[in-house]
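The block underneath contains the structure these notes are about, expressed in structure tokens.
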Amino acid sequence: MKTIFKVMMMTGVLAITAGCGQKKSDFKYLLDEFADLKVMRYQIPGWDELTLQQKEYAYHLAEAAKWGRDIHWDQNCKYNLPIRHVVENIIENYKGDRETKEFEQFIVYAKRLFFANGIHHHYAEDKFFPECSQAYFKSLMEAVGEGNKCDELLNVIYNPDILQQRRSTSTDGDIVVLSAGNFYEGVTRAEVEKYYESIEDKTDETPIAYGLNTKVTKDEKGNIVEIPWKIDGMYGPAIAKICEELKLAAACAENDIQKRALGLLVKYYETGDLRIWDEFNIEWVKDTIGTVDFINGFIEDYNDPLGRKGAWEGYVNIKDHKASERSTILSANAQWFEDNSPVDPRFKKKECKGISAKVINAVCLAGDSYPSTPIGINLPNADWIRKMYGSKSVTIANITHAYDYAAQESPTSTLDEFAWDEAEKAFYREWGSWADEIHTDLHECLGHGSGQLLPGVATTAMGEYASALEEARADLFGLYFTADPKMVELGIMPNKDAYKAEYANYIRNGLMVQFTRVELGRPNTEAHMQNRKLIAEWCYEKGAKDNVIEKKVRDGKTYFVVNDYVKLRALFAELLAEIQRIKSEGDYEAGKNLIETYAVNIDPKLHKEVKERYEALNLKPYGGFINPDIVPVEKNGKIVDYQVVYNDDYLKQQLDYGKNYSAL
Ligand SMILES: [Zn+2]
């Protein structure tokens with residue numbers, strides 16, 4: 001199950017046009033823009049209301065998070081850390097002319113590298129290239145005493161024929177061999193699959209996440225082996241630092257559950273034992289009373305072509321008590337939604353347990369969540385833990401708001417460009433932001449947690465299509481219920497029509513706007529984008545005879561307009577039922593067919609048009625954030641407070657992290 005909600009860039013780009021209220025302070029959110037990226041910063045509301053102990057707890061959790069940074073860099077590609085070290089050295093020590101065009105191009109490459117945690121685009125996963133010449137890059141390296149590394153590293157950086165994609169999406173090649181990620185080495189897909197087949201206990205109803213925390217390679221005799229990521233294994237020095245901080249955090253935890261959870265997490269890092277990882281997650285799910293919470297570990301498997309290996313991730317946050325009321329209402333009614341969802345009763349949970357949901361504010365982003373970060377999180381990932389113990393679902397308010405505010409600092413919007421008429425725009429401005437947040441809540445609080453597999457169906461049955469299908473399932477669940485009268489009755493939706501803003505937006509985005517982020521000529525490969533295209537295309541096709549969604553052209557520009565919202569909702573219901581069936585029965589062929597028919601191929605003519613229209617807006621499709629620093633305040637040798645300091649220098653933070661949290 002894929003659960004981190006990475007839809008934010010797209011909904012962000014759109015929602016921000018409406019904004020969720022006007023920006024009130026002088027705080028500048030938008031810090032830097034380059035290539036297709038923008039860097040923002042966020043505030044931490046509620047920090048000053050924490051007790052000293054809570055601040056200390058959050059501080060050590062944040063330190064633990066930052067210490068994992070290098071692990072994530074290495075996971076993304078084994079050349080990433082050596083390349084970063086060279087780039088850091090040049091930025092800090094190059095004595096030559098820094099005012100030239102080529103140096104500026106080098107700096108843009110450096111910024112992109114830091115943003116992506118490596119040489120592949122953080123989202124598209126393709127390798128990107130410096131605009132300065134290879135000869136110039138070489139001269140920089142030589143000037144700072146790195147000349148001996150030129151041959152190897154410059155080939156990695158500049159050669160378009162090697163390490164093309166972090167996670168290969170090849171349909172005819174070996175996706176394990178072709179992936180540049182550092183999860184496998186010297187092994188083929190068939191070998192890896194055979195290996196896991198041989199060690200997996202299919203009868204186990206509480207299976208561990210086989211392979212989550214290891215690299216797979218061969219020993220000198222040619223046998224397949226797993227190298228564990230643990231304190232005395234691969235990534236040991238970084239993990240030791242993480243554990244040190246986790247122990248300090250445990251000493252000032254808010255309650256005993258947190259203490260026990262942290263103890264288990266440390267034990268897991270020490271042993272690499274995935275049973276202990278499960279025990280940690282069960283304990284972590286139980287902590288719903290604390291204000292400070294965290295993610296720390298090998299979590300999401302999006303980056304692995306086979307969907308097993310967890311990308312290292314850290315996240316520290318504090319609960320926004322007031323804003324949490326809405327998701328509390330949804331959680332309290334989880335069973336009603338399950339009972340009334342349009343899927344076959346055989347695939348419904350008889351008892352919806354412990355879906356806790358809250359609104360949080362981020363305090364520190366790290367690893368896989370930094371600088372690009374989700375606006376919602378739903379964990380843990382193990383299906384059986386979710387079923388037996390529940391899951392935690394959060395939406396991240398200060399990040400969402402920072403997106404909105406940063407966009408208000410920009411003069412153009414995708415809404416103005418891609419929505420059909422003034423009425424549609426005005427309606428979106430009035431209700432879009434609201435409806436979009438509700439959809440996110442439903443997706444996170446209820447969507448992922450809904451439904452169940454039939455007995456005997458493996459959680460890995462959907463293979464490489466699992467992520468996109470799972471996101472589609474959660475999105476459809478949200479879309480279907482956003483329009484339900486129950487939402488007005490619960491006081492969550494303001495009126496019975498507001499959902500239409502989200503429907504129109506979703507279709508516009510799925511059929512068109514989101515392709516601004518795919519390179520011309522390339523297919524649509526990212527799971528969340530595939531999910532949205534699948535849903536929108538499928539509904540467009542199935543609703544064609546009733547003109548549910550109409551394609552209109554004006555002045556050579558294409559628009560997609562929803563004509564019949566009631567029928568569109570019925571189509572969402574139908575597709576939700578089918579995707580739930582596919583997941584519950586493990587119908588791999590049907591899932592594959594849906595994805596390959598609707599989610600992958602982009603009409604080249606439309607794609608070109610969308611890119612041109614978007615380019616003219618001069619907006620950046622991807623956003624990320626720098627963290628505020630949490631600084632201990634000392635008085636007479638004692639720490640009396642932890643202050644939040646808001647930085648405004650993206651490169652400086654990257655270099656500081658490189659200096660202060662480098663263990664590998
Ligand atoms: Zn999701």
Side-chain angles (χ1 to χ4, degrees), residues 1-12 14-15 123 285 295 299-304 307 310-311 313 315 327 330-331 334 337-338 341 343 352 355-360 368-369 372-383 385-387 390-396 399-400 403 435-453 459 462 464-482 502 505-506 509-510 514 524-536 572 575-576 579-580 582-583 591 594-595 599:
M1 173 166 298
K2 301 303 176 59
T3 48
I4 284 218
F5 189 64
K6 295 231 178 190
V7 73
M8 73 292 178
M9 276 84 78
M10 217 53 230
T11 51
L14 293 169
Y123 203 75
V285 163
I295 292 167
I299 313 282
E300 297 294 344
D301 52 24
Y302 297 103
N303 294 355
D304 173 5
E313 180 176 12
Y315 213 111
S327 43
L330 287 182
S331 296
F337 286 97
E338 185 76 358
S341 91
V343 311
C352 269
I355 299 172
S356 87
K358 59 182 177 179
V359 179
I360 60 171
D368 194 24
S369 278
S372 170
T373 191
I375 53 165
I377 298 172
N378 186 323
L379 290 170
N381 279 335
D383 264 322
I385 298 181
R386 301 168 71 84
K387 204 164 144 193
S391 60
K392 273 195 219 174
S393 181
V394 301
T395 48
I396 306 158
I399 296 294
T400 309
Y403 265 112
D436 186 45
E437 275 189 47
I438 306 289
H439 178 246
T440 306
D441 278 0
L442 284 164
H443 175 120
E444 289 297 334
C445 304
L446 305 173
H448 279 303
S450 72
Q452 64 177 2
L453 303 181
T459 52
M462 301 321 294
E464 66 269 47
Y465 304 104
S467 309
L469 289 167
E470 174 56 21
E471 291 309 327
R473 200 176 68 86
D475 255 4
L476 285 162
F477 193 95
L479 287 165
Y480 179 75
F481 281 114
T482 308
E502 173 65 8
N505 175 34
Y506 197 93
N509 185 30
Q514 63 168 349
N524 188 39
T525 55
E526 196 280 330
H528 294 83
M529 290 179 63
Q530 285 192 336
N531 132 47
R532 288 178 225 128
K533 183 169 187 303
L534 161 63
I535 292 172
F572 288 150
L575 185 56
L576 173 57
I579 290 180
Q580 183 64 57
I582 288 170
K583 180 177 180 181
L594 270 185
I595 297 291

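The model shown is predicted, which means the values in this text are computed figures rather than measured ones. Order of listing sets the numbers, starting from 1, for every ligand and every atom in it. Just so you know, residue 1 is the first one in the sequence shown, and it goes up from there.
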Pair His443, Asp475: side-chain N/O donor-acceptor within cut-off below 3.5 Å:
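The answer is yes; a qualifying pair exists.
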Classify the angle between the aromatic ring planes of Phe572 and Tyr506 as parallel (below 30°), tilted (30 to 60°) or perpendicular (above 60°).
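Plane angle over 60°, so perpendicular.
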For the aromatic rings, using the six-membered ring if either is Trp, is the centroid distance between Tyr302 and His528 under 6.0 Å?
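Ring-ring flag for Tyr302/His528: true, centres closer than 6.0 Å.
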Return yes when at least one N/O/S atom of Glu471 is nearer than 2.8 Å to the Zn ion (ligand 1), and no when none is.
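Coordinating: yes.
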With a cut-off of 2.8 Å, does His528 put an N/O/S atom close enough to the Zn ion (ligand 1)?
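It does not; every qualifying atom lies at 2.8 Å or beyond.
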Ile360 side, atom CD1; Lys392 side, atom NZ - distance, nearest 0.5 Å
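NZ of Lys392 is found 10.0 Å from CD1 of Ile360.
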Rounded to 10 degrees, the angle NE2 of His443 makes with NE2 of His448 at the Zn ion (ligand 1):
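It comes to 90°.
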